2 protein chains.
Amino acid sequence: MTASGARVRAPSPTRERILDAALELFVDRGVAGTSISDIERAVGLAAGTGSFYRHFRSKEDVLVASFERGVLRLVEETAAARAAATDVANGTERRARDCEVLLAEMQRFQPLWQLVVVERDRYPELHRVFTEALGVAHWTFGWDDDPTWGVAVAALAGFHQFTLMEAAPYRDITPATFIAVLVDVTSRSDRRSRARQQP
Amino acid sequence: MTASGARVRAPSPTRERILDAALELFVDRGVAGTSISDIERAVGLAAGTGSFYRHFRSKEDVLVASFERGVLRLVEETAAARAAATDVANGTERRARDCEVLLAEMQRFQPLWQLVVVERDRYPELHRVFTEALGVAHWTFGWDDDPTWGVAVAALAGFHQFTLMEAAPYRDITPATFIAVLVDVTSRSDRRSRARQQP
DNA sequence: GTCTATATATCGATAGAC
DNA sequence: GTCTATCGATATATAGAC
């Protein structure tokens with residue numbers, strides 16, 4: 001109760017902790033692999049007592065709520081990070097910096113991205129929330145009409161996947177090395193073939 | 001029984017069908033989301049009777065066996081497809097053809113790749129089987145020392161991921177269009193910077 | 001090789017005492 | 001808001017008849 005008498009509707013702290021813990025469990029073990037008891041245990045409630053149901057109506061309820069919360073939080077954080085990024089001159093330096101930022105963002109979005117792909121058939125809601133929150137322009141960085149940037153974005157996503165998998169041929173290549181090669185390969189054709197995007 | 005009296009150890013047909021059905025279920029629903037009854041039902045056995053256990057000792061048993069079988073089968077098929085591919089002159093034509101072949105392979109490996117990533121913490125055996133079966137050289141195509149091919153491989157993997165996700169900015173771009181752009185962007189620096197791979 | 005029947009544990013979810 | 005107690009359904013797995 002505030003001094004003015006006006007009530008600030010504070011969110012239930014237990015509910016908040018459930019949202020965080022549940023999303024982490026869903027990402028780590030999948031939805032089917034996570035039980036309500038697991039969630040209760042993770043937030044310090046007695047497992048198997050159903051205390052969870054005082055905060056959410058079902059497993060799907062907490063799944064969607066925690067996912068939505070996680071996506072919105074990430075979008076805000078990445079937007080803030082981009083806004084705080086120091087300005088760099090255009091050209092290859094700027095290109096390399098954008099690649100670093102983008103790769104870091106892909107790494108941060110990876111758990112939620114994976115959850116969408118894995119649970120898509122059972123919970124299409126996740127895909128809807130994810131794509132709506134990110135929007136079409138999220139990965140373009142103002143390079144919209146540059147086909148070399150389209151290739152760079154895809155290459156960063158692929159490099160990220162290979163690294164995550166610890167798969168050949170990228171097992172031992174650092175992000176800095178890959179970005180250097182990527183910028184080198186894709187920055188020598190900036191002045192050509194802009195109308196190549198559509199068949 | 002053969003005429004010579006020599007016995008050919010024919011694999012149990014039910015066991016074979018379980019291997020195929022189980023792998024498909026694991027890919028579609030995850031391991032935790034697939035029950036033994038689901039597997040029995042999928043091969044025409046009465047669900048919940050435990051007939052499954054006459055063929056495999058546990059869920060993990062059939063998981064590893066079916067995954068190993070699936071990986072080896074895919075490796076053989078892709079090797080045969082590459083061997084049967086018609087020869088194309090070197091240069092951009094050859095590069096485009098290799099990109100098409102590689103993208104098609106990534107699409108075929110996608111379900112098993114995803115299963116490895118998702119279940120890796122609980123079943124690290126899958127990751128071991130997958131990487132051992134593919135080997136370091138699987139994606140290089142004889143372009144080992146060409147950094148532009150390293151970028152192309154990563155870009156194809158990324159394009160595949162974005163397409164799978166129906167995510168921006170690749171939602172409406174066809175594989176043929178992307179490969180055309182990719183070859184165009186990466187084929188103009190073949191004669192330069194071969195020593196750029198290590199930092 | 002498939003079935004009936006069952007043991008044991010856990011699942012998601014609810015009712016009600018405190 | 002958390003607990004005890006419990007429901008009905010389902011999970012993995014086994015024993016034994018056919």
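Values in this document were obtained by computation on a predicted structure and should not be read as measured data. Letters A, B, ... are given to chains in the order of the sequence lines, protein chains preceding strands, and every chain is numbered from 1.
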| query | Over how many whole Å does the gap from A:Phe56 atom CZ to C:dT14 atom P extend? | reply | 15 Å
| request: Could you say whether B:Ser12 or B:Gly48 is positioned toward the 5' end of DNA chain C, judged by the nucleotide with the nearest heavy atom to each? | output: B:Ser12
| Does A:Trp149 reach the main-chain N or O of A:Asp144 with its side chain, forming a donor-acceptor pair under 3.5 Å? | no
| field | Atom CD of B:Gln114 with >12 non-hydrogen neighbours under 6.0 angstrom | value | yes
| message | In whole Å, I'd like the distance from the CZ atom of A:Arg41 to the C1' atom of C:dT10. | response | 11 Å
| request: Using chain A heavy atoms and a threshold of under 4.0 Å, write down where along DNA chain D the contacts begin and end, 5' to 3'. | output: D:dG1 to D:dA5
| Is B:Ser35 touching bases, backbone alone, or none of the nucleic acid, heavy atoms closer than 4.0 Å? | sugar-phosphate
| said: If you take the centroid of each ring, where Trp contributes its six-membered ring, are B:Trp139 and A:Tyr170 closer together than 6.0 Å? | reply: no
| query | Are the aromatic ring centres of A:Phe67 and A:His127 under 6.0 angstrom apart? | reply | no
| remark: Quick note, side-chain hydrogen bond (donor to acceptor under 3.5 Å, both in side chains) partners involving residues 54-63 of chain B, not counting sequence neighbours, are none
| message | Would you say the ring centers of A:His160 and A:Phe178 fall short of 6.0 Å from each other? | response | no
